[in-house]
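Structure first, then comments.
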Amino acid sequence: MPTKNVIDERLSKFKNKGKDPAKLREKRISVSVELRKAHKNENFLKRRNITLSSLPDEEALSPDYCSTEMVTPLSMEEIIKDVTSESRESQTRGCQAARKLLSQECNPPLKEIINAGLLSRFVSFLSMDDEPALQFEAAWALTNIASGTSWHTQQVVEHGAVTAFISLLASPMLHISEQAVWALGNIAGDGSAYRDVLIECNVIPALLARICPDTPVGYLRNLTWTLSNLCRNKNPFPPSSAVLQMLPSLIQLLHHCDKDILSDACWAISYLSDGDNERIDVVVKTGIVPRLVELMSHKELSVMVTPALRSIGNIVSGSDLQTQTAIDAGILNVLPRLMRHQKASVQKEAAWALSNIAAGPCNQIQQLITCGLLPPLVEQLKNGDFKTQREAVWAVTNFTSGGTVEQVVHLVQVGALEAIISLLQVKDVKVILVILDAINNIFMAAEKLGETEKLTLLVEELGGLDRIEMLQNHDNDAVYRAAHTLIEKYFSDADIEEVKVDTTVDAFAFQSPDVKRTFEF
Amino acid sequence: MELNDANLQTLTEFLRKTLDPDPTIRRPAEKFLESVEGNQNYPLLLLTLLEKSQDNVIRVCAAVTFKNYIKRNWRIVEDEPDKISDLDRTAIKANIVNLMLSSPEQIQKQLSDAISIIGREDFPQKWPDLLTEMVTRFRSGDFHIINGVLRTAHSLFKRYRHEFKSNELWSEIKLVLDTFALPLTELFKATIELCQTHATDINALKVLFSSLTLISKLFYSLNFQDLPEFFEDNMETWMTNFHALLTLDNKLLQTDDEEEAGLLELLKSQICDNAALYAQKYDEEFQPYLPRFVTAIWNLLVSTGQEVKYDLLVSNAIQFLASVCERPHYKHLFEDQNTLTSICEKVIVPNMEFRSADEEAFEDNSEEYIRRDLEGSDIDTRRRAACDLVRGLCKFFEGPVTAIFSGYVNSMLAEYAKNPGENWKHKDAAIYLVTSLASKAQTQKLCSCSATCKWNCSQIRLSCILIVVNEFPVLKADAVKYVMIFRSQLPKEQLLQAVPLLITHLQAESTVEHTYAAHALERLFTMRGPNNSTLITAAEMAPFTEQLLNNLFKALALPGSAENEYIMKAIMRSFSLLQEAIVPYIPTLIGQLTHKLLLVSKNPSKPHFNHYLFESLCLSVRITCKANPTTVSSFEEALFPVFTEILQNDVQEFLPYVFQVMSLLLEIHSNSIPASYMALFPHLLQPVLWERTGNIPPLVRLLQAYLEKGGATIAGSAADKIPGLLGVFQKLIASKANDHQGFYLLNSIIEHMPPESITQYRKQIFILLFQRLQGSKTTKFIKSFLVFINLYCVKYGAIALQEIFDSIQPKMFGMVLEKIVIPEVQKVSGTVEKKICAVGITKVLTECPAMMDTEYTKLWIPLLQALIGFFELPEDDSIPDDEHFIDIEDTPGYQTAFSQLAFAGKKEHDPIGDAVGNPKILLAQSLHKLSTACPGRVPSMLSTSLNAEALQFLQGYLQAATVQLV
């Protein structure tokens, strides 16, 4: 009987077991608690209306309109008086004055207006189809209130504005309808709860009905943004029926030539593709992937890079098949340039996408090599911003655990081993552990080639042995163990082997089991 | 336990006894304390003592005991008793912060540790008011209290530096930041102001600077995982003050001590770390501040002296520069030729120099010197940091930096040549520069630079390989190290040239020198040449063999090297390389080795030394007995007296080794067991030995050797020990971790014991196995179980197997086949194991009438199909999720490690052996035999129910065996 081989063999199987390929793909949803300042995102959750795009030109230019802009603002008391009066004229005047206050650049008095109890009046004005001016001013005021904090938005919704705005979408007056689009965008941007309230109220068909060949660009921009907010947010994601409703129009919008429309449509796709493989599948099935790749490579469309790259990044975090569609669409020809993009955030996203492609089967890894992704990867490992380095390290580990022996050798030859070894001193525990994993993978490849000895020397020469030895003093248990295992396995002639076993205490006499029972397996 | 004076008195007495140097007094007292620690109020009694005892020694002892008690028991582990009552837990948490803050420093530290252990488990959920309680103390104005709080906070938060990002961890950090960050910032500002108002009061300054250091450490912990919003918003405050503190000097805070870092140095080192953290991780946000820090740290380096107390500061400061200079957008801060020259001249070269402190270590503290210099634990040393800086600079400025340094190497060597006696340290620095820089580079780099003489390599190389004998010890050690480091790049002739010189150096008086020589030889002997053999062969070593062995053993007699692990490892490696060439020397050497063993067994303290000592013993035995097995008795004669002493004195560290060497010796005997072994047999069954986990694998192996060589003897003269032997099996089988060891033992019993000697126990054995199978079956257990029942079948026959199953419970045989064998056999792994199962199942199919005539018949085809699948399908290595790491991670307390000796290795044993060459053929032949016994039945069963694919395989076997079924 073999004494120790059986156990060893078993252990080695456990190790392979642990390498569940699905776990190699790092999804960005892992940690939702944030310590960092919430950075200004590339697009906004809510927007306040200060100027308006589709205000009829003649009105904007008319002397009358300008003059109203210049009259001295009314006081809050006067506004309240006007808005609550029964005279249409006063109401319009009060409403406009309120809207102007709410449109000022700094500290618009959202709370004051709400506390003055004007919201129910504003909402009731929305349905006065025969008073378009009043309707418009009320809609604008409410739009700006809804652009505030969640509490502000909540006030607008609780005063019944949702259905009123949805009805307004059908208004024959384009600028009024646009205002409704905007207000609804703000409400949808508040979070998944209100987003789903809107969807329940059938906002989507009403919005989509407004897309036609002669819809003005400005209007379409607002509408695309509102659609993107309807795609946004998770826990839960928007219902898939709603997604399916919106997708054809979003795809259509992605072929528009206006860059703002493209950008928001693309953001929408990035939200829709964030999540499990089923969600990714819905996006991939529309056939939009090649267009996304095309958008990423447009040099003049710099705003497109981030959302398009994010979408593609999401897609390649999916199944191998889904990843393949992105590869077939040519993503690997674009990625090298993005890995060297001047913006660090783009480099990071590109490296993230790369790390997920590297988690795929070896034929996809081969395509990475063929398309020249390794040189920029090594460059990023050496010189990148820390966040990019972190993604790049993942790429190396994924590559080394799924790649063939030849591929791993190639990776080492282009300098990745040297680069990850010098990263062993980073101040991030997870990165260190991921690097140790990569080194272990490289050793397993070397073992297959019978070149363990050579690799040990190389690691020693690159200063890796010193660093790994140091890591045996690391406070993190997993790091300590990984470093220790590497040293024991490859750097200490396997002289001392520890086998962990358990204790039980009992006196021994061979005892006949007392209890008679029936066995049933 | 009541909280009363009598108990306090008792506890005081026992605590005092735990400090007694005499183990016969100390041990029982420790045992007593352990036995009462589960009682309620025990921790409160300790806290009372540490607060109120009149005797300071008892107070500290109580504090330490309390801390250890918390460490062992605070964590609540599922399925294990909770030793601390809820009341005690609440009382401890309510009082400990106050108690810690009002205690003298020695006790404060222990309590602070205890708080952090408790905090690790309970904070924040189960200790919600801890943070606010601490923050409130910031306002006390009493810096002794404030420092206590800061120290505790540090021990609570420092884990943020090394734990993985998780929602749980980040939520905790967020909570800490919300309550702690602002008060900490306010405290930081206030403390700095106080430093200015008390700039002339040394006592106040000392306290204040300790606070600043702790605050800086907390800053590091709180900023480690990610840049928190609060600190981003307050970066100006922190960085401006950090920068000011870096440039601050105060005569009052300078210390006279050369060794111990002063408060200023500690603070500045931490600030360097903080700056390095920001530079590395939060570059974008930190950029505006970075150039200022580079200048400040640069000035700091230029103005800091060579004393040991500045080591940490200097190495942290250099590390900061090293991490900055290799980032592309800071390149410009360094690229000026003057800057580079002055970095090399004023920062790097001075810190590469061999200092008098190094010289002292070389002579008086060689162990520490070797650890730092050879084992790479010099991470915080100036030399290491200076090397890292050169490497960093080389990234963008390799040309200019190399030029500057080759100038330096030349001038250092020239200085040395002028006056070697005076200037030998220059040569040391030159060698260090070359070895540490070149060795980190790629292999070819050394060659290319030696060609262009950039580093003046060839000159150094030559002098190193020749290892000039009349050199200074430090330089000789440098030279040996050079050979070792560049071993893979030196041509073989040069290595062979170096070998005799290295052997000579084994005799050097300097510990470092002969240790390095031993280490270098050991490394050279492990180098691989073509065809996977060693690079240096035994034949090439022939001229030096005698001197090598002589010098190695003589070196062990040199002062300071009596338990030198490098020398012992070199001995092991030499034996392994030289093989039969050592045989003539063994009679002398074995005496020296056993003598050594006897000495170290009195007080084993160097685990590596001891391990290589045992490896060397194994090699002596193997190599000698391979040539002449009868010499085994002379080894037994030499070793048994020492082994007996080790066993009698219960030298726990050595027992696993002794068992392995004994197994090795016994296995050499041919089919009989000497009486000396039999005398020991009863002792090996003692429960106390089996309770130590490290003993189990080697003891099982030893018992297997006993059974193999002496199964009959045991059955004859030691039959009364059989229940004890089976008791061991019963104990092992009960443990998920050790059940496979139990099966090893059981399999040996079945294979080697005369059948009649265990007849009476068989049923019990099976019942035990079934109970375990029913109670907690794991994949490992099932695999071992399958191997065992099939071995049983091979040994006793299929009918015996079926009968014993069915005698335990009717229809049991069918149930085991259906529920265990058929579905699980695919999981069995290992060549021998597979063979046993294949032969066993074949016997069940073809030699068990019950399979043909009873209701078991319905299992015949499924079993055959499983067997064919077993032959043809890939092994099923799936393991249910819940038992993935059952025997590695879920087992409590694995402290005792089993130290396996590489050179005591055992051959794989095949109980079936050549009796069955190809199990597929055996199946075909056996089926043929069965079919002739009952013509027609087999083919009809096959044709009606066997899966087509399986049938095809089966026909292949039949053809190969040239038989036909009738």
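So you know, we letter chains A, B, ... as the sequences are listed, proteins then strands, and number each from 1.
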| query | Does the pair A:D428/A:R390 count as a salt bridge with the N-to-O cut at 4.0 Å? | reply | yes

| message | I need the A:I439 CD1 to A:L424 CG distance, nearest 0.5 Å. | response | 5.0 Å

| request: Please flag which part of B:L725 lies under 4.5 Å from any non-hydrogen atom of chain A: side chain, backbone, both or neither. | output: neither

| B:R159, part contacting chain A, at a heavy-atom distance under 4.5 Å | neither

| message | Under the side chain to side chain donor-acceptor pair (under 3.5 Å) test against A:N383, which residue among B:R327, B:E326, B:K395 passes? | response | B:K395

| task | For chain A, find which of B:K819, B:M815, B:M527 contributes the most heavy-atom pairs closer than 4.5 angstrom. | result | B:M815

| said: Please tell me whether B:Y160 and B:F224 form a close aromatic pair, meaning their ring centres lie under 6.0 Å apart. | reply: no

| Contacting region of A:L433 [heavy-atom separation from chain B under 4.5 Å] | side chain

| query | Is there side-chain contact between A:K234 and A:D274, with heavy atoms separated by less than 4.5 Å? | reply | yes

| Which answer fits B:P328, side chain, backbone, both or neither, if we ask what part of it has an atom under 4.5 Å from a heavy atom of chain A? | side chain

| message | Heavy-atom cut-off 4.5 Å, strictly under: side chain, backbone, both or neither for A:K454 against chain B? | response | neither

| task | Give the member of B:D233, B:L169, B:V700 that has the highest number of heavy-atom pairs under 4.5 Å with chain A. | result | B:D233

| said: Using a strict threshold of under 4.0 Å (side-chain N to carboxylate O), is an ion pair present between B:K174 and B:E168? | reply: no

